[in-house]
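See below for the structure under consideration.
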Amino acid sequence: MTAAAGYVGRFAPSPTGPLHAGSLVAALASWLDARAALGGRGGRWLVRIEDVDPPRCVPGADERILAQLARCGLLPDEQPLYQSTRGPRYQQALDGLLHAGLAYPCACTRRDIEAALQAQGLVHERHVERPYPGTCRHGLGGRTPRAWRFHTQRYQSKMPPAPIQQAQPAIYSIASSGVSWTDRRLGPQFQDVARQVGDFVLRRADGLWAYQLAVVVDDADQGVTHVVRGEDLADNTPRQILLQSALGVPTPQYLHTPLVRAADGEKLSKQHGAPPIDDSQPLQALTNAAQVLGLPSPTGITGIADALAFWVKAWPGTYNSPL
C-alpha cells in the first residue's frame, strides 16, 4: 500500500456490534466528503475494520457492518482492511520509535499511576484525561516492562516555540508548548499533549496494539488524506499529529462531525446499549443521519442513490470543502 494522489478518505468502525445511529452519521459524512471532493469529481473512500482489540470484538459484527453499509449504498472503493492482519507493520513502527529514543517500556500498573498522581495532588475529574506521571521515563528500576509509551515530553520539548504570527493559519503545527491544528468544522484547536496527556501508550500491557499507533500507521499506509469522524475523537488528533511527525508520515486534514446523543446527553454508543440502525428502511436511517449533519431533507426523493446524490451536492455548502 502506498500513498495515493488526490483525496482518500476512510470510515473505520470497530466490530464491537452493528452500526447504530451515531456510527451511521460518521459513515455518511466520510462518504459524502469523499464523493464531493475535488470539485465534485470525487475521491476514494475506504473502509477499515479496526479489530485491533479482539476481546471487545463481536463475532460476525464486521460482516454485519459491511452489509449495513451496502444496504445504505455506502460502498468502499477497495476491499476492507483489517487491523488484525497488521501486527508486523505496527511492530516495525514501534521499533523505529524505540531506535530514535522516542518510545520506552513502562512497568506501571493502573494502581501505580493512580498512586503517583495522588502523590502529586492531582484529583481525578470525570471525562478528563489522566496524564501519565512519567514514572518509567528514565528506566524501570529492575521491574518487568508491561507496556510501551511514546516519549511525548521528549519529542514535544525539542520543538521550537510557536511563531507569534503566521501569514496563513496552518492545518497543524507542533511547538514546545503543544500542538495546534485547524478542524474543518470545529475551527482552531490546541492541546499541550505533554502536560495534559503525557507519554501515551503505543502497545498495551496485554500485548495488544494501542489505537493511536495503529490508526496513524494505517492512515499513512493507505494514503489517507482526509479524516472525517465523530467529534468525540477530536482530542485524539494532537496525539496522532505528534506520532505522524515522529514517524515522518503526512498529516491528513480533519473534520469532526456532530454526535448523536442519548436522552441523558451522553454520546450514543454500543457500550450504552444503542440499538442498531433499521436497515430494512435504509433511506429513513440515512435521512436521520443527514439531519444530524445539518443537511437538507430529500423531499420527494424515494431512492437511496438519488438521495445520496442530493446530499453530495449539498455537502460543500454545509461543511468546508476539502482542500
Are the side chain of S23 and the backbone of H20 linked by a donor-acceptor contact shorter than 3.5 Å? yes

Are L308 and I301 connected in a single hydrophobic cluster, I mean Ile/Leu/Val/Met/Phe/Trp/Tyr linked by side-chain heavy atoms less than 4.5 Å apart? yes

Could you go through R48 and V215, starting from their C-alpha distance and side-chain angles, then the distance that decides it, and tell me whether this counts as side chain to side chain contact (heavy atoms under 4.5 Å, CB included)? CA-CA 10 Å; R48 182 168 69 230; V215 72; 3.4 Å; yes

Q244 side chain reached by Y172 side chain, heavy atoms, under 4.5 Å: no

If two hydrophobic side chains count as joined below 4.5 Å and joins carry through other members, does L140 share a cluster with Y104? no

Validation row: L293, W315 side chains within 4.5 angstrom (heavy atoms): yes

Has Q196 got a side-chain atom pairing as donor or acceptor with D192's backbone, closer than 3.5 angstrom? yes

For W181 and A234, work out which heavy atoms get closest and say how close. CZ2-O, 3.6 Å

First locate atom CG of L74, then atom CZ of R71, and finally report the distance between them rounded to the nearest 0.5 Å. 12.5 Å

Would R204 and D53 count as a side chain to side chain contact (heavy atoms under 4.5 Å, CB included) if you check the C-alpha gap in whole Å, the side-chain angles of each, and the deciding distance to 0.1 Å? CA-CA 10 Å; R204 295 169 13 180; D53 191 350; 3.2 Å; yes

Restricting to non-hydrogen atoms, name the atom on T257 and the atom on V25 that form the minimum distance, rounded to 0.1 Å. OG1-CG1, 4.4 Å

Any side-chain heavy atom of L66 within less than 4.5 Å of one from P80? yes

Counting neighbours of CD on Q91 that are heavy atoms of other residues, nucleotides or ligands and sit closer than 6.0 Å, is the number greater than 12? yes

How long is the span from the CZ atom in R149 to the CG atom in D199, to the nearest 0.5 Å? 7.0 Å

Show the nearest heavy-atom pair for residues Y132 and T135, with the distance to one decimal. OH-N, 3.5 Å

Counting N and O atoms only, with roles assigned by atom type, does the side chain of Q156 sit under 3.5 Å from a partner on the main chain of S176, one being a donor and the other an acceptor? yes

Closest non-hydrogen contact found for C136 with R143 is SG-NH2, 3.0 Å

For the residue pair F11 and W45, categorise the inter-ring angle as parallel (less than 30°), tilted (30 to 60°) or perpendicular (more than 60°). parallel

Donor-acceptor pair, side chain of T152 and main chain of G198, under 3.5 angstrom: yes

Criterion side chain to side chain contact (heavy atoms under 4.5 Å, CB included) on R184 and D33, from CA distance to verdict: CA-CA 11 Å; R184 289 170 49 207; D33 203 57; 2.7 Å; yes

Do side-chain atoms of D51 reach the backbone of Q83 as a donor and acceptor pair under 3.5 angstrom? yes

Is the shortest side-chain heavy-atom distance between T287 and P298 below 4.5 Å? yes

Take the angle between the ring planes of F150 and F200 and call it parallel below 30°, perpendicular above 60°, tilted in between. tilted

Minimum heavy-atom distance D235-R239, with the two atoms named: O-NH2, 3.3 Å

Does L19 offer a backbone N or O that forms a donor-acceptor pair with the side chain of Q68 under 3.5 Å? yes

Verify the cluster assignment for L94 and L242: are they in a single hydrophobic cluster under the rule of side-chain heavy atoms below 4.5 Å apart? yes

Heavy-atom side-chain contact between C72 and W31 under 4.5 Å: no

How about N236 and Y211: do any of their side-chain heavy atoms sit closer than 4.5 Å? yes

When rounded to the nearest 0.5 angstrom, what distance separates CG in L283 from CG in D306? 10.0 Å

Would you say I65 and I304 are hydrophobically clustered, going by side-chain heavy atoms of ILVMFWY under 4.5 Å? yes

Membership question, hydrophobic clusters at under 4.5 Å side-chain separation (ILVMFWY): are L98 and W209 in the same one? yes

Just how far is it from atom CG of L24 to atom CG of L28, taken to the nearest 0.5 Å? 6.0 Å

Can you confirm whether Q222 sits close enough to V8 that some side-chain heavy atom of one is under 4.5 Å from a side-chain heavy atom of the other? no

Min side-chain heavy-atom separation L81-R86 under 4.5 Å: yes

Kindly say whether T109 contributes a backbone atom to a donor-acceptor pair with the side chain of D112 at under 3.5 angstrom? yes

Using 0.5 Å steps for rounding, measure from the OH atom of Y254 to the CD atom of Q240. 5.0 Å

Point-to-point distance, once rounded to the nearest 0.5 Å, from OG1 of T225 to OH of Y7: 6.0 Å

Test your reading of the model: is there a side-chain donor-acceptor pair from R185 to the backbone of H256, 3.5 Å cut-off? yes

Taking salt bridge (Lys or Arg N to Asp or Glu O under 4.0 Å) as the criterion, tell me which of R35, R44, R10 meets it with D77. R35

Which heavy atom of P15 sits nearest to which heavy atom of D62, and what is that distance? CB-N, 3.8 Å

Exam field: side chain R56 to backbone T16, donor-acceptor pair closer than 3.5 Å: no

Test side chain to side chain contact (heavy atoms under 4.5 Å, CB included) on L295 and L32; report intermediate values, then the result. CA-CA 11 Å; L295 296 169; L32 290 174; 3.6 Å; yes

When you measure from the side chain of W311 to the backbone N and O of P296, does any donor-acceptor pair fall under 3.5 Å? yes

